[in-house]
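First up is the structure itself, then whatever we jot down about it.
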Amino acid sequence: MPPRYQVRADYDARTIVVYQAYAPAIAEAALRAGRFVTPFSFHRMTWIKPSFMWLMHRSNWARKPGQERVLAVRISREGWEEALSRAVLTTADPAVLSEAAVHVQWDPERSLRGAALNHYSIQVGIGRHLIRTFTDDWVVSITDLTPQVHKAASLIRAGHAAKSQRLFPSERVYPLPRVLEDRLVRSA
């Protein structure tokens, strides 16, 4: 059994993939521009998730209204770790949390069918004062995963869960720097 709090992600030496689900208008504009542009909101917190399965649960496999398009957002590891270094756990004192540029919360990881598992997945909320840095400096690429999400969901509904897993991104333990692990994992 994996540790209760552990960041698992698709990453390489320079980048990490986080997932977001949006309405078609936001997703299409971002895909055309190769970055987030209007109608994406630059005035509210945006949540990024390195767990594909957690986003599948959250978006109901891209069927939830306003979350019909699933995007894989590849960001720099430098940006990811900067965000985490500025983060405050959502369980912190409300006054401290209200001033934080980034929020972190841990939610139960999800199974293929959406059941809560005994270990947690990190969710990172980028605050409105840092969103331009996220969109303009950290985002490396944006990929539409919606077709493969729909195909995987169809396979699961048809009883072919093992086949559906071939369509999932490969995630492994992300090597958090010790200082971030102490702040965000050990104190969770």
Side-chain angles (χ1 to χ4, degrees), residues 1-12 15-41 44-75 80 83 90 102-126 131 134-135 138-174 188:
M1 187 163 108
R4 285 179 61 91
Y5 300 94
Q6 184 179 64
V7 176
R8 287 169 302 283
D10 177 5
Y11 64 92
D12 60 28
T15 63
I16 181 171
V17 177
V18 294
Y19 304 98
Q20 295 185 285
Y22 288 107
I26 295 169
E28 289 164 14
L31 290 162
R32 273 193 308 275
R35 62 188 188 88
F36 289 102
V37 295
T38 303
F40 176 87
S41 175
R44 59 186 290 258
M45 183 169 282
T46 190
W47 287 87
I48 57 177
K49 303 144 188 76
S51 168
F52 179 77
M53 289 309 300
W54 198 91
L55 186 64
M56 293 307 93
H57 166 72
R58 176 78 172 91
S59 71
N60 192 21
W61 295 87
R63 293 188 307 225
K64 187 174 182 181
Q67 297 186 24
E68 300 93 343
R69 299 288 291 279
V70 172
L71 302 179
V73 182
R74 188 169 290 277
I75 65 173
W80 168 252
T90 56
V102 178
H103 295 183
V104 162
Q105 67 185 44
W106 292 92
D107 294 313
E109 183 61 274
R110 298 297 171 155
S111 72
L112 278 174
R113 304 226 182 258
L117 300 176
N118 290 328
H119 57 280
Y120 292 80
S121 178
I122 195 169
Q123 320 303 320
V124 179
I126 307 295
I131 285 185
F134 166 70
T135 61
W138 299 347
V139 172
V140 173
S141 66
I142 301 173
T143 305
D144 187 3
L145 296 185
T146 309
Q148 79 186 56
V149 165
H150 288 163
K151 185 173 183 179
S154 293
L155 287 168
I156 292 166
R157 284 192 301 275
H160 303 289
K163 284 184 182 178
S164 74
Q165 290 180 343
R166 293 183 210 140
L167 298 169
F168 301 165
S170 175
E171 294 174 1
R172 62 192 195 280
V173 176
Y174 183 88

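Here, residue 1 is the first one in the sequence, and each next residue gets the next number.
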Side-chain heavy atoms of [X] within contact of [Y], under 4.5 Å:
X: Val17; Y: Pro169; result: no
X: Trp80; Y: Val18; result: yes
X: Leu167; Y: Leu145; result: no
X: Phe168; Y: Met56; result: no
X: Ile156; Y: Ser164; result: yes
X: Val7; Y: Trp106; result: yes
X: Ile16; Y: Tyr174; result: yes
X: Leu155; Y: Arg166; result: no

* To do: Could you please spell out the steps behind the side chain to side chain contact (heavy atoms under 4.5 Å, CB included) verdict for Phe36 and Ile131?
  => CA-CA 10 Å; Phe36 289 102; Ile131 285 185; over 6 Å; no
For [X] and [Y], does a side-chain donor sit closer than 3.5 Å to a side-chain acceptor?
X: Ser51; Y: Glu109; answer: yes
X: Arg74; Y: Thr15; answer: yes
X: Arg69; Y: Tyr22; answer: no

Once you round to the nearest 0.5 Å, how far does [atom1] of [X] lie from [atom2] of [Y]?
X: Ile48; Y: Leu55; atom1: CD1; atom2: CG; answer: 12.0 Å
X: Phe52; Y: Gln148; atom1: CZ; atom2: CD; answer: 6.0 Å
X: Arg113; Y: Met53; atom1: CZ; atom2: CE; answer: 10.0 Å
X: Trp54; Y: Gln123; atom1: CH2; atom2: CD; answer: 4.5 Å
X: Arg35; Y: Ile142; atom1: CZ; atom2: CD1; answer: 9.0 Å
X: His103; Y: Thr90; atom1: NE2; atom2: OG1; answer: 8.5 Å

Under the 3.5 angstrom rule, does the side chain of [X] hit a backbone N or O of [Y] as a donor-acceptor pair?
X: Lys49; Y: Trp47; result: yes
X: Thr146; Y: Val70; result: yes
X: Gln67; Y: Pro65; result: no
X: Arg8; Y: Ile122; result: no

* Between Asp10 and Ser170, does a side chain to side chain contact (heavy atoms under 4.5 Å, CB included) hold up when you go through it step by step? -> CA-CA 6 Å; Asp10 177 5; Ser170 175; 5.5 Å; no
* Asked: If you take all heavy atoms of Trp61 and Ala152, which pair is closest and at what distance?
  ->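 Scanning both residues, the minimum pair turns out to be CZ3-CB, 3.9 Å.
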* Give the minimum heavy-atom separation between Glu68 and Pro24, together with the two atoms involved. =>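 Scanning both residues, the minimum pair turns out to be OE1-CD, 3.3 Å.
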* Does CZ belonging to Arg157 count more than 12 external heavy atoms closer than 6.0 Å? ->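 Counting other residues, nucleotides and ligands, CZ of Arg157 exceeds 12 neighbours.
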* Neighbour count >12 (heavy atoms, 6.0 Å) for atom CZ, Arg58 ->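 Not more than 12 within 6.0 Å, no.
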* Structure fact -> With Tyr120 as partner, the option from Gln105, Arg4, Gln6 fulfilling side chain to side chain donor-acceptor pair (under 3.5 Å) is Arg4
* **Criterion side chain to side chain contact (heavy atoms under 4.5 Å, CB included) on Trp138 and Ile126, from CA distance to verdict** => CA-CA 12 Å; Trp138 299 347; Ile126 307 295; 4.2 Å; yes
* To do: Report the C-alpha separation of Leu71 and Leu31 in whole Å, then their side-chain angles, then the decisive distance to 0.1 Å, and conclude whether the side chain to side chain contact (heavy atoms under 4.5 Å, CB included) test is met.
  => CA-CA 9 Å; Leu71 302 179; Leu31 290 162; 4.0 Å; yes
